[in-house]
Amino acid sequence: MSTKVRVRFAPSPTGHLHVGGARTALFNWLFARNKGGTFVLRIEDTDVERSTEESYRSVLEAMKWLGLDWDEGPAIGGDYGPYLQSERKDLYREWAERLVSEGKAYVCFCTPEELARKREELKKQGKDIKYDRQCRDLSPEEVKRLRDEGKPHVMRFKTPLGGETGVHDLVKGDVTFSNTTLDDFVIMKSDGFPTYNFAAVVDDALMKITHVIRGDDHLSNTPKQIVLYEALGVPAPAFAHVPMIMGPDKGRLSKRHGATSIGQFKQDGYLPEALVNYLALLSWAFDGATDLFTVEDLKRKFSLEKVSSTPAVFDYPKLQWMNGEYMKQRSIGDRVDLVVPHLERAGLVKSPLDDDTRSFVEKVVEVVGERLKVGEQIVDLAGFFFKDEVEYDPAAAEKFLRPLHVGPAFKILEERLRALEEFDETTIDPVMRGLVSEMGLKARDLFQPVRIALTGSRKSPGLFEVMVILGKDKTLERLEIARHKFT
RNA sequence: GUCCCCGUCGUCUAGCCUGGUUCAGGACACCGCCCUUUCACGGCGGCGACACGGGUUCAAAUCCCGUCGGGGACACCA
């Protein structure tokens with residue numbers, strides 16, 4: 001038995017948790033659970049400017065909602081803490097100074113303005129944008145003098161001037177980078193915080209991370225990190241770079257395409273288990289034939305070998321379908337809870353639901369049934385139950401309510417329905433079907449007009465159920481209004 | 001511009017490593033039929049792909065090279 005697997009998800013709290021980040025977190029989590037390993041959550045808040053408390057809370061909340069529980073990290077601690085990089089500043093400083101004293105890194109006094117200017121210059125000449133290593137060979141005396149003067153400075157790593165660095169990636173295979181393409185990159189910023197590449201290496205080493213699973217946008221950072229591990233004299237973890245998630249236009253996934261943050265999906269009425277299942281299937285497949293996996297399935301079946309190296313387009317329709325599959329498994333109570341916020345937001349029900357309203361909503365959700373795939377759809381699917389006036393789909397109304405037979409048919413129907421003492425499916429059914437055959441119509445010739453008169457749409461829950469929930473009075477009223485309006 | 005990654009139905013993918021069993025399988029979406037004297041569900045069926053060009057081989061989606069296309073990285077962001 002080799003050493004115990006330890007993986008980590010290391011988001012920076014600079015925004016909400018995104019589907020891309022969530023998928024990375026999920027793969028790490030699944031890998032850990034599959035191997036009986038440890039899943040660490042580490043917060044990379046070294047960018048003081050952009051990190052916010054709010055993002056931090058939002059990320060944690062999204063993780064919890066998805067069910068991605070961490071074994072070590074914020075709120076619960078662990079043997080390798082602290083788990084916020086901002087609380088580990090001394091550690092990075094210590095390690096960085098050690099590299100400097102060993103001659104593996106150096107202090108650099110170039111100002112950001114100077115560097116930006118030089119970069120512009122290089123860019124104009126069409127040359128490689130690289131640091132010119134101006135401070136690499138400053139004498140120790142010079143360095144001491146400038147530091148004593150309090151001149152702002154960063155620390156840079158002395159990248160090997162030649163040779164190449166190979167990455168043995170568990171997803172991409174062997175990738176080699178020429179060291180000349182590496183730069184003398186910054187490891188400590190002038191504000192005393194470490195840069196990403198340095199902090200990640202120090203922490204992964206200290207936290208005994210065995211596998212780094214992350215987005216493949218980090219692949220080109222990896223050689224830099226590997227040379228750091230070597231300089232620090234600590235073994236590098238295994239790497240697995242998973243492909244990114246793209247938008248439908250194959251570009252970067254953005255709000256323009258739809259929801260991108262986990263919180264947004266939650267708010268739209270998606271189920272966490274559906275999102276987890278869907279995300280797991282982006283660049284990973286078990287047998288290419290199975291789509292639905294419980295979390296337990298995923299834990300049991302996940303493996304890095306089956307992660308593909310091709311990027312995946314986020315397909316909203318498939319997610320919706322999948323959410324619908326999980327919706328079927330939820331109790332009526334769950335679905336009511338899911339739907340209420342959307343009805344509320346649409347102004348269809350009022351904040352604290354009284355018992356009558358709640359049981360009405362319950363009936364509505366019941367008849368909407370499997371048509372409801374995502375919580376927010378309740379408004380389109382069943383809004384007409386709550387509104388005083390029907391909003392007709394113009395094309396549908398024109399096609400089904402305008403025809404000549406509808407007026408007379410409605411009139412008779414209204415009379416017969418009015419005569420009903422009990423207004424339920426067993427009494428409505430014979431009235432409707434009877435009228436159809438009497439008038440020599442096809443069922444849809446009467447049913448569709450009635451449906452549109454009552455709901456405004458050509459698609460709705462079963463007609464009789466709709467009528468029952470609406471009740472006799474509203475049903476008659478809507479029939480009448482439609483008759484006057486269109487015939 | 002330089003470096004790196006990727007290229008199977010519209011989309012997610014199986015197959016590729018270990019070439020023949022594949023005129024390429026599943027799912028979502030779309031279309032049609034059946035079921036239902038309504039909507040939907042369900043059942044059945046259809047449409048639909050190996051980026052292109054060379055090479056290796058008796059045989060290539062599978063191996064090699066090139067082209068094109070997409071993406072990523074080149075910061076005192078992570």
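Lettering follows sequence order; numbering is per chain, from 1. Because only heavy atoms are used, hydrogens play no part in the values below, and waters and symmetry mates are left out as well, while side chains stay in. Just so you know, these numbers come straight off a predicted model, no measurement behind them.
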Do the ring planes of [X] and [Y] sit parallel (below 30°), tilted (30 to 60°) or perpendicular (above 60°)?
X	Y	answer
A/W284	A/F286	tilted
A/Y106	A/Y131	parallel
A/F314	A/F265	tilted

Which protein N or O atoms sit under 3.5 Å from an N or O of nucleotides 21-28 of chain B?
{"from": "B/rG25", "atom 1": "N2", "to": "A/G288", "atom 2": "O", "distance (Å)": "2.9"}
{"from": "B/rG26", "atom 1": "O2'", "to": "A/A289", "atom 2": "O", "distance (Å)": "3.2"}
{"from": "B/rG26", "atom 1": "N3", "to": "A/G288", "atom 2": "O", "distance (Å)": "3.3"}
{"from": "B/rA27", "atom 1": "O4'", "to": "A/D291", "atom 2": "OD2", "distance (Å)": "2.9"}
{"from": "B/rA27", "atom 1": "O2'", "to": "A/D291", "atom 2": "OD2", "distance (Å)": "2.8"}
{"from": "B/rA27", "atom 1": "O2'", "to": "A/K318", "atom 2": "NZ", "distance (Å)": "3.3"}
{"from": "B/rA27", "atom 1": "N3", "to": "A/K318", "atom 2": "NZ", "distance (Å)": "3.2"}
{"from": "B/rC28", "atom 1": "O2'", "to": "A/K318", "atom 2": "N", "distance (Å)": "3.4"}

Send over the distance from [X] [atom1] to [N] [atom2], rounded to a whole Å.
X	N	atom1	atom2	answer
A/F198	B/rC76	CZ	C1'	14 Å
A/Y92	B/rC76	OH	P	19 Å
A/H257	B/rU11	NE2	P	14 Å
A/E49	B/rC77	CD	C1'	11 Å
A/D191	B/rC76	CG	P	12 Å
A/D174	B/rC6	CG	P	12 Å
A/K130	B/rA73	NZ	C1'	14 Å

Taking atom [atom1] in both [N] and [M], what distance in whole Å separates the two?
N	M	atom1	answer
B/rC23	B/rC16	P	16 Å
B/rG45	B/rG25	P	14 Å
B/rU67	B/rC28	P	40 Å
B/rU36	B/rC50	C1'	42 Å
B/rU57	B/rU8	P	28 Å
B/rU38	B/rA51	P	46 Å
B/rA29	B/rG10	C1'	8 Å
B/rA27	B/rC64	P	32 Å

Any chance the side chains of A/S55 and A/T52 put a donor and an acceptor closer than 3.5 Å?
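Yes, a side-chain donor-acceptor pair sits under 3.5 Å.
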
Any side-chain donor near an acceptor of the partner, A/Y92 and A/D203, under 3.5 Å
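Yes.
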
Just checking [X]: base, sugar-phosphate only, or nothing, at a heavy-atom cut-off of under 4.0 Å?
X	result
A/R214	nothing
A/C108	nothing
A/S309	sugar-phosphate
A/L219	sugar-phosphate
A/D183	nothing
A/F177	sugar-phosphate
A/T111	base
A/H241	nothing
A/S460	base
A/P311	sugar-phosphate
A/M322	nothing
A/V175	sugar-phosphate

For [N], give the paired nucleotide (Watson-Crick: N1-N3 plus N6-O4 or O6-N4; G-U: N1-O2 and O6-N3; both under 3.5 Å), or none.
N	answer
B/rG32	B/rC44
B/rA24	none
B/rC50	none
B/rU62	none
B/rA73	B/rU2
B/rC9	none

Residues which pass side-chain contact (heavy atoms from CB on, under 4.5 Å) with A/L146, listed by chain and number, not counting sequence neighbours
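Partners of A/L146 by the side-chain contact (heavy atoms from CB on, under 4.5 Å) criterion, ordered by chain and then number, come out as A/F109, A/E142, A/E149, A/K151.
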
Thinking salt bridges, do [X] and [Y] make one under a 4.0 Å N-O criterion?
X	Y	value
A/E94	A/R98	no
A/R57	A/E53	yes
A/D249	A/R256	yes

Would you check if A/R330 and A/R335 make a side-chain contact, meaning some heavy-atom pair closer than 4.5 Å?
yes

Listed nucleotide nearest any side-chain atom of [X], set [options]:
X	options	value
A/I129	B/rA75, B/rC41, B/rU38	B/rA75
A/R444	B/rU13, B/rU38, B/rA78	B/rU38
A/D47	B/rC12, B/rG71, B/rA78	B/rA78
A/R50	B/rG72, B/rU38, B/rA78	B/rA78
A/V186	B/rC76, B/rC77, B/rG71	B/rC76
A/K306	B/rA73, B/rA78, B/rG15	B/rG15
A/K250	B/rA75, B/rG72, B/rG70	B/rG70
A/S220	B/rU13, B/rG72, B/rC76	B/rG72
A/K172	B/rU38, B/rC5, B/rA78	B/rC5

Of A/V313 and A/K459, whose nearest nucleotide on RNA chain B comes first from the 5' end?
A/V313

Name the residue closer to the 5' end of RNA chain B, choosing between A/E370 and A/R252 according to the nucleotide with the nearest heavy atom.
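The residue whose closest nucleotide sits nearer the 5' end is A/E370.
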
Given the rule in the salt bridge (charged side-chain N to carboxylate O under 4.0 Å, His left out) test, do A/R133 and A/D184 qualify, once you have shown the distances and angles that lead to the verdict?
CA-CA 7 Å; A/R133 299 186 157 127; A/D184 278 359; 2.9 Å; yes

Run the side chain to side chain donor-acceptor pair (under 3.5 Å) test on A/T195 and A/N197 for me, step by step, so that the C-alpha distance in whole Å, both residues' side-chain angles and the decisive distance to 0.1 Å come before the verdict.
CA-CA 6 Å; A/T195 59; A/N197 279 312; 5.7 Å; no

